[in-house]
A.B. asks: 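Below you will find the structure I want to go over with you.
Every chain is numbered from 1, with letters handed out A, B, ... down the list of sequences. Remember, it's a predicted structure, so these values are computed and weren't measured experimentally.
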Amino acid sequence: MNHWLIKSEPDVFSIDDLARVKREPWTGVRNYQARNFMWKEMKPGDLALFYHSNAKPPGIAGVAKVAGVPYPDETQFDPKSEYHDPKTTRENPRWWLVDFEFVGKFYDLLPLESIKADPVLSQMMVCQRGTRLSITPVDPLHFKRACKLAGWGAHTVSG
DNA sequence: GCCAACGTTGGC
DNA sequence: GCCAACGTTGGC
C-alpha cells in the first residue's frame with residue numbers, strides 16, 4: 001500500500017466537507033505530476049493525509065482513503081467549469097482522478113509548524129521549500145508519525 | 001498583500 | 001529546443 005498527502009483549501013473543500021459527503025471525486029488537479037500519481041500509482045485502499053492549505057493555520061486535518069480506480073475528471077469537458085480544458089477530448093482525456101473517501105478527522109489539526117519542528121516529519125515533501133504539488137507521496141513512517149503526533153493510533157486508521 | 005519558487009507558454 | 005515572461009501556489 002502507498003501513502004499520500006493531498007492538499008485542499010478548506011474554504012473550498014475541507015475535511016469536514018469530506019466527512020459530510022463521505023466520498024468525493026478529486027477534481028481540478030491540473031498538474032501532470034499530481035495527475036500521474038492518481039492515474040498511475042494510486043490503488044484503492046491507499047491512505048492519504050488530508051492537508052489544509054491556505055488556511056490559518058495550515059496543517060494536516062485528517063485521513064482519507066483512495067476509494068476506487070482512476071477515471072477522467074468530468075470538469076475538464078465542462079465549458080462552464082473553472083477547470084475546463086479546451087484542449088482535451090473524451091476520446092483521449094488528459095486529466096484523470098480518483099475518488100477519496102473519508103476515514104477520519106484528527107481531534108486537533110496537526111499544524112505545519114509542528115510538522116516542521118519534528119525531526120522526522122520535517123523531511124516530508126510538503127515542507128520542502130517551493131513544493132507546490134497538490135499531491136505528494138508520503139513515506140509510510142511519516143504517515144504513521146503524523147497520525148501519532150495527532151494523537152491518532154494506527155488501530156484507528158485501520159479500523 | 002508580499003514574494004519566492006516553479007510550472008507553463010510562446011516567440012524565436 | 002532555448003529561455004524570458006507570465007501565472008499560480010501558498011506560507012508568512
Side-chain angles (χ1 to χ4, degrees), chain A residues 2-21 24-42 46-66 70-100 102-139 141-143 145-152:
Chain A
N2 291 319
H3 295 80
W4 308 93
L5 182 143
I6 56 177
K7 289 184 191 172
S8 185
E9 301 190 21
D11 290 349
V12 179
F13 191 82
S14 72
I15 189 78
D16 291 320
D17 294 320
L18 186 61
R20 197 179 63 251
V21 301
E24 178 76 3
W26 212 245
T27 56
V29 171
R30 295 294 179 268
N31 170 284
Y32 287 103
Q33 220 182 326
R35 177 209 62 177
N36 287 343
F37 288 140
M38 290 198 285
W39 191 15
K40 308 279 193 186
E41 297 190 35
M42 284 189 186
D46 281 2
L47 293 175
L49 299 170
F50 193 112
Y51 180 90
H52 281 176
S53 63
N54 258 330
K56 293 175 186 171
I60 299 169
V63 174
K65 182 164 73 175
V66 176
Y71 60 96
D73 180 343
E74 193 61 29
T75 63
Q76 70 190 299
F77 307 121
D78 179 4
K80 293 192 295 287
S81 169
E82 60 175 316
Y83 302 126
H84 179 236
D85 183 351
K87 285 182 273 186
T88 192
T89 63
R90 284 195 180 273
E91 294 69 34
N92 188 22
R94 178 181 296 185
W95 304 110
W96 295 69
L97 55 69
V98 295
D99 285 3
F100 281 100
F102 180 73
V103 174
K105 179 185 175 181
F106 289 163
Y107 188 76
D108 289 313
L109 180 103
L110 180 63
L112 180 61
E113 197 181 8
S114 303
I115 296 169
K116 285 180 168 174
D118 184 80
V120 177
L121 282 189
S122 57
Q123 289 162 44
M124 283 205 304
M125 207 182 281
V126 71
C127 40
Q128 306 307 315
R129 265 165 72 97
T131 294
R132 299 177 312 164
L133 259 186
S134 58
I135 298 174
T136 54
V138 168
D139 186 294
L141 294 176
H142 293 166
F143 187 92
R145 177 111 182 118
C147 291
K148 188 180 176 188
L149 284 189
W152 229 51

A.B. asks: My understanding is that only residues two or more places apart in sequence, or in another chain, count here; which of them pass side chain to side chain donor-acceptor pair (under 3.5 Å) with R145(A)?
C.D. replies: D118(A)
A.B. asks: Where along nucleotides 3-10 of chain C does protein come under 4.0 Å, by heavy atom, of base (B) or sugar-phosphate alone (S), with - for untouched nucleotides?
C.D. replies: ----BBBB
A.B. asks: Give every donor-acceptor pair under 3.5 Å between a side-chain atom in residues 106-113 of chain A and any protein atom, sequence neighbours left out.
C.D. replies:
none

A.B. asks: My understanding is that only residues two or more places apart in sequence, or in another chain, count here; which of them pass side chain to side chain donor-acceptor pair (under 3.5 Å) with N54(A)?
C.D. replies: E9(A)
A.B. asks: Rounding to a whole Å, what distance do you find between K56(A):NZ and dG11(C):P?
C.D. replies: 12 Å
A.B. asks: Residues two or more places apart in sequence or in another chain: which of them pass side chain to side chain donor-acceptor pair (under 3.5 Å) with K65(A)?
C.D. replies: none
A.B. asks: Any pair with a residue in residues 54-64 of chain A that passes salt bridge (Lys or Arg N to Asp or Glu O under 4.0 Å), sequence neighbours left out, goes on the list, sorted by first then second residue, please.
C.D. replies: none
A.B. asks: Roughly how many Å is it from CG in L109(A) to C1' in dG11(C), rounded to a whole number?
C.D. replies: 14 Å
